[in-house]
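Some notes on the structure that comes next.
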2 protein chains.
Amino acid sequence: MKESSNATSLRASFSDGVFPAGCPSRTVLDHVTSKWGVLILVALSEGEQRWSDLRRRADGISEKMLAQTLKTLERDGLVNRSAQAVIPPRVDYSLTDRGYELSTLLVPLVTWAFDNADDILHGQR
Amino acid sequence: MKESSNATSLRASFSDGVFPAGCPSRTVLDHVTSKWGVLILVALSEGEQRWSDLRRRADGISEKMLAQTLKTLERDGLVNRSAQAVIPPRVDYSLTDRGYELSTLLVPLVTWAFDNADDILHGQR
DNA sequence: CCGATTGCTTCCCGAAAGTTAGTACGCACT
DNA sequence: AGTGCGTACTAACTTTCGGGAAGCAATCGG
């Protein structure tokens, strides 16, 4: 098994191979790999969507968690929120450029999880 | 912003764009995107390592969480555990083929988080 | 016999995540 | 007049996560 070039580039960031506890990347990683964060980002990778669309697509999410997750992602500059002052209110969410870049990393991950899920959960003794 | 080819392949899995609540991939995704799971998998992507190495590299992890995370990843068939009956005990952990495949998706994610962390946390109003 | 070593396990507790239910708004429709 | 819609926010509550500390096992060097 050869070392991947990716691992090499990681080495450039963490030369001693230690992921420091206080490192800012930890916080960011926690946000973007959160249970709902991943699903929201991946859903938005297909384009702008409304609150109710996201609620439906991230099946099982509560309104509280949807609001909270979107707020975090917006604060992190990964998601754009555009509210129109119409009745009933209409709010569209979309990815920022940075968010889109991130989503190109997350989509393969979700796809992988989907492709391997049955094997993984079935093969447990 | 064009639709990525990744999003297209996702579409093949979730044709209606909904990520079902009970879907097995949810469970797998939760395991592999867990706070410590990501770090352990990425650390192991550089090769076999001992318990104490992992404890040091995933800085800040408690022994309890290290044991729990490794057990989950092992049950999922992503990590190999090989214990030698010597005193003091020596236990080596490594990635399975499937785990290695997964790590090639996670490493870019961690690298991205590291590269963007300062911008993200600094740019918040 | 003492303590060091390594890899865990167990227990307790506080923090965080998450759910459910209730509130609001302002207009359109019945 | 009353009800529903879409997008929230808040409070109250429950469940899970996770840290810290302690204990344990087995052997070896002193």
Side-chain angles (χ1 to χ4, degrees), chain A residues 18-23 26-41 43-44 48-76 79-94, chain B residues 17-23 26-41 43-44 48-76 79-94 121:
Chain A
V18 173
F19 307 117
C23 184
R26 282 284 188 91
T27 307
V28 172
L29 211 48
D30 284 351
H31 292 180
V32 306
T33 64
S34 70
K35 171 170 179 161
W36 299 114
V38 175
L39 296 183
I40 297 296
L41 287 166
L44 285 175
E48 189 173 65
Q49 274 161 85
R50 302 187 59 179
W51 164 280
S52 49
D53 294 329
L54 293 173
R55 180 147 172 52
R56 179 178 49 83
R57 299 195 49 184
D59 188 28
I61 195 173
S62 65
E63 296 196 336
K64 176 188 168 182
M65 289 315 296
L66 180 54
Q68 201 176 96
T69 304
L70 284 171
K71 209 178 294 179
T72 300
L73 294 177
E74 195 196 348
R75 282 208 340 155
D76 286 350
V79 164
N80 283 319
R81 178 182 187 279
S82 86
Q84 298 170 47
V86 296
I87 298 295
R90 178 191 176 99
V91 184
D92 290 296
Y93 294 92
S94 59
Chain B
V18 173
F19 308 116
C23 184
R26 282 284 188 90
T27 306
V28 171
L29 211 50
D30 284 352
H31 292 179
V32 306
T33 64
S34 70
K35 170 170 178 161
W36 298 114
V38 175
L39 296 184
I40 297 296
L41 288 165
L44 285 175
E48 189 173 66
Q49 275 160 85
R50 300 186 61 177
W51 163 279
S52 48
D53 293 329
L54 292 172
R55 181 150 172 49
R56 181 178 47 82
R57 297 194 49 184
D59 188 27
I61 195 173
S62 65
E63 296 196 333
K64 176 187 169 180
M65 288 315 295
L66 180 55
Q68 195 177 105
T69 304
L70 284 170
K71 211 177 293 181
T72 300
L73 295 177
E74 196 196 348
R75 282 206 342 153
D76 286 350
V79 163
N80 284 319
R81 177 182 187 277
S82 85
Q84 298 169 45
V86 296
I87 296 295
R90 178 191 175 100
V91 185
D92 291 296
Y93 293 92
S94 58
L121 297 182

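Letters A, B, ... mirror the listed sequences (proteins, then strands); counts begin at 1. What you see is a predicted model, and the numbers here were worked out from it, not measured in a lab.
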Report task. Mind listing the closest non-hydrogen atom pair of B:R26 and A:A58 along with its distance? Result ->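 Scanning both residues completely, I find the closest heavy atoms to be NH2-C, 3.9 Å.
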Atom-to-atom span, [atom1] of [X] to [atom2] of [N] - whole angstrom:
{"X": "A:R55", "N": "D:dC5", "atom1": "CZ", "atom2": "C1'", "result": "14 Å"}
{"X": "A:Q84", "N": "D:dA8", "atom1": "CD", "atom2": "P", "result": "12 Å"}
{"X": "A:I61", "N": "C:dT20", "atom1": "CD1", "atom2": "C1'", "result": "15 Å"}

Requested in this report: State the CZ-CG distance between B:R56 and B:L66, to the nearest 0.5 angstrom.
Outcome: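 Rounded to the nearest 0.5 Å, the CZ-CG separation comes out at 12.5 Å.
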Report task. Drop me the distance from A:L54's CG to A:I40's CD1, to the nearest 0.5 angstrom. Result ->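 So the gap between those two atoms works out to 5.0 Å.
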Report summary line: Its contact letters, B for base, S for sugar-phosphate only and - for none at protein heavy atoms under 4.0 Å, make nucleotides 2-17 of chain C read ---BBSBB-BB-----
Query - Residues A:L70, A:W51; criterion side chain to side chain contact (heavy atoms under 4.5 Å, CB included); working and verdict - result: CA-CA 10 Å; A:L70 284 171; A:W51 164 280; 4.1 Å; yes
Would you tabulate the side-chain donor-acceptor contacts of residues 32-39 of chain A under 3.5 Å, counting partners in other chains and residues two or more places apart, or write 'none'?
unit_1, atom_1, unit_2, atom_2, d
A:T33, OG1, A:L29, O, 2.6
A:T33, OG1, B:T33, O, 3.3
A:S34, OG, A:H31, O, 3.0
A:S34, OG, A:G37, N, 3.0

